[in-house]
Amino acid sequence: MLFRDSQLYHPDKNKAASAEEKFKNLGEAYHVLTDPERRALYNKYGRVKDLEPAEGFPDGSIYYKKGFGGTTMFKDFLGDMTFQEMIERQNDRGIGELQERQNKRVELLTKIMLERLASYDRSDGSEQARTELQQNFIAELEPLLPNGLDILNMIGAVYTSKAKMYLGFKRSRLPTFIQNMIEKKNILKDLWIMVQAAADAKSATERLYEAEMAQLSPETIEDFIAEAGDKGASSLWISTQFELKATIRAVCDAVLYDESADSATRRRRAEGLEMLGLLCERPDLDKFVVEMIAEKKESMM
């Protein structure tokens with residue numbers, strides 16, 4: 001379950017108060033819950049150093065890299081993971097170093113996005129230019145599907161939201177200030193979901209502990225173990241998804257509010273970003289990409 005739910009997850013930082021320590025505890029809890037010896041040690045002595053394996057508790061980035069090849073698949077959309085370092089470096093210097101890495105991460109992803117949009121933002125916005133942008137993007141998405149559908153849907157939602165916010169009244173969109181209110185509402189909603197998921201994971205762990213103290217049947221305890229593991233993995237996904245969205249939003253802002261570009265170029269970038277977002281948001285994206293690639297191949301024959 002942890003591998004399945006975390007193979008798409010790409011954590012780097014989390015600005016919520018005390019979130020780092022809470023999610024470190026979730027990772028440790030999942031590791032302890034799935035090891036009978038460590039679980040028994042925890043029940044007898046509580047949280048002691050002997051609980052930690054010699055190789056340390058597992059880092060979420062390991063599951064991501066195993067699941068999606070790490071450096072070869074979603075890196076151009078999400079960058080590198082530094083979750084374990086974020087947890088370990090609690091002093092001011094460590095946080096500063098991580099912030100610098102995050103800034104470089106956003107800078108690199110911004111450069112990649114600008115290259116992705118270049119063919120369109122330098123065009124006249126014709127149908128041919130739109131088609132070229134979409135075809136190039138479809139070719140980029142093909143290796144990420146079908147396993148990456150959920151993460152691409154999430155990325156697309158952020159692209160579309162940021163593009164619409166920039167364009168405002170243009171082309172019959174909602175005013176910018178309303179789009180901004182919608183975004184803030186969504187951020188608060190995501191934050192609340194993250195906090196609730198952490199609380200659910202903690203409750204599930206406590207129920208497991210109570211079941212073992214009551215010496216319930218092994219089958220019943222296994223059910224509690226499965227529940228605690230599922231809740232922990234779900235909480236990890238929700239927390240890292242919160243960070244992912246923040247990183248994607250930062251990249252979109254850097255692209256759309258680039259002062260070195262003129263207003264016409266920035267508007268074209270917003271239009272291109274919206275096209276990419278709407279494409280990624282498609283629930284049938286995997287099938288659509290296959291169909292589009294097949295049509296292109298047929299047209300070239």
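If you read the sequence from its start, that first residue is 1, and numbering goes on from there. This is a predicted model, so every value here is computed, not measured. What you see below is based on every heavy atom in this structure, not just the backbone, and it leaves out hydrogens, waters and symmetry mates.
- In this structure, Thr265 and Asp121 approach most closely via the heavy-atom pair O-CB, 4.0 Å.
- Side chain of Arg266 to backbone of Ala261: a donor-acceptor contact under 3.5 angstrom is found.
- A salt bridge does not link Glu107 with Lys111: every distance from a Lys NZ or Arg NE/NH1/NH2 to an Asp or Glu carboxylate oxygen is 4.0 Å or more.
- Taking 4.0 Å as the cut-off between side-chain N and carboxylate O, Glu243 and Arg105 count as a salt-bridged pair.
- Atom CG of Leu149 sits about 6.0 Å away from atom CG of Leu285, to the nearest 0.5 Å.
- Residues Ile293 and Phe137 share a hydrophobic cluster, clusters being chains of Ile/Leu/Val/Met/Phe/Trp/Tyr side chains in contact below 4.5 Å.
- Close placement of the Tyr257 and Tyr166 rings is indicated, their centers lying within 6.0 Å of each other.
- Thr131 contributes a side-chain N or O that, together with a main-chain N or O of Glu127, makes up a donor-acceptor pair within less than 3.5 Å.
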Test side-chain contact (heavy atoms from CB on, under 4.5 Å) on Phe74 and Ile151; report intermediate values, then the result. CA-CA 9 Å; Phe74 273 94; Ile151 200 80; 2.8 Å; yes

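- Of the charged side-chain nitrogens involved, none lies within less than 4.0 Å of a carboxylate oxygen, so that Glu210 and Arg207 do not count as a salt-bridged pair.
- In this structure, CG on Leu208 lies 11.5 Å from OG1 on Thr220, to the nearest 0.5 angstrom.
- For the side-chain hydrogen bond (donor to acceptor under 3.5 Å, both in side chains) condition, the pairs that include at least one residue of residues 134-143, sequence neighbours left out, are Arg116-Glu140.
- Here the side chain of Thr110 pairs a donor or acceptor atom with the backbone of Val106 at under 3.5 angstrom.
- In this structure, the side chain of Ser123 engages the main chain of Tyr120 through a donor-acceptor pair within 3.5 Å.
- Around the CD atom of Gln128, the shell of radius 6.0 Å holds no more than 12 heavy atoms that belong to other residues, nucleotides or ligands.
- One hydrophobic cluster, built from ILVMFWY side chains closer than 4.5 Å, holds both Met292 and Leu279.
- Once rounded to the nearest 0.5 Å, the distance linking CG of Asp230 with CG of Asp200 reads 12.0 Å.
- Considering Arg269, Glu274, Arg267 in turn, Arg267 is the only one that fulfils the side chain to side chain contact (heavy atoms under 4.5 Å, CB included) rule with Glu271.
- Here the straight-line distance linking atom CZ of Phe224 with atom CG of Leu216 works out to 6.5 Å at 0.5 Å rounding.
- Both Met275 and Leu114 sit in one connected hydrophobic cluster of ILVMFWY residues. Membership requires side-chain heavy atoms under 4.5 Å apart, directly or through other members.
- The heavy-atom pair separating Leu273 from Met113 by the smallest distance is CD1-CE, 4.0 Å.
- For the atom pair CG of Asp150 and CD1 of Ile155, the computed distance is 11.0 Å after rounding to the nearest 0.5 Å.
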Working note: Lys162 + Val251, criterion side-chain contact (heavy atoms from CB on, under 4.5 Å); need CA distance, chi angles, decisive distance, verdict. CA-CA 10 Å; Lys162 297 302 292 187; Val251 172; over 6 Å; no

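- Here the shortest heavy-atom pairing between Leu152 and Leu141 reads CD2-CD2, 3.8 Å.
- Proximity of Lys231 to Thr205: side-chain heavy atoms (C-beta onward) are nowhere separated by under 4.5 Å.
- Contact record, Gly156 with Cys280: CA-CB, 3.5 Å, taken as the closest heavy-atom pair.
- One hydrophobic cluster holds both Leu145 and Tyr159 under the rule that ILVMFWY side chains link at heavy-atom gaps under 4.5 Å.
- The two residues Arg282 and Asn153 make their nearest non-hydrogen contact at O-ND2, 3.3 Å.
- Between Thr160 and Leu276 there is no side-chain heavy-atom pair separated by less than 4.5 Å.
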Walk me through whether Lys75 and Leu78 qualify under side-chain contact (heavy atoms from CB on, under 4.5 Å). CA-CA 5 Å; Lys75 188 173 182 178; Leu78 305 173; over 6 Å; no

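- Asp286 approaches Pro146 most closely through the heavy-atom pair OD2-CB, 4.0 Å.
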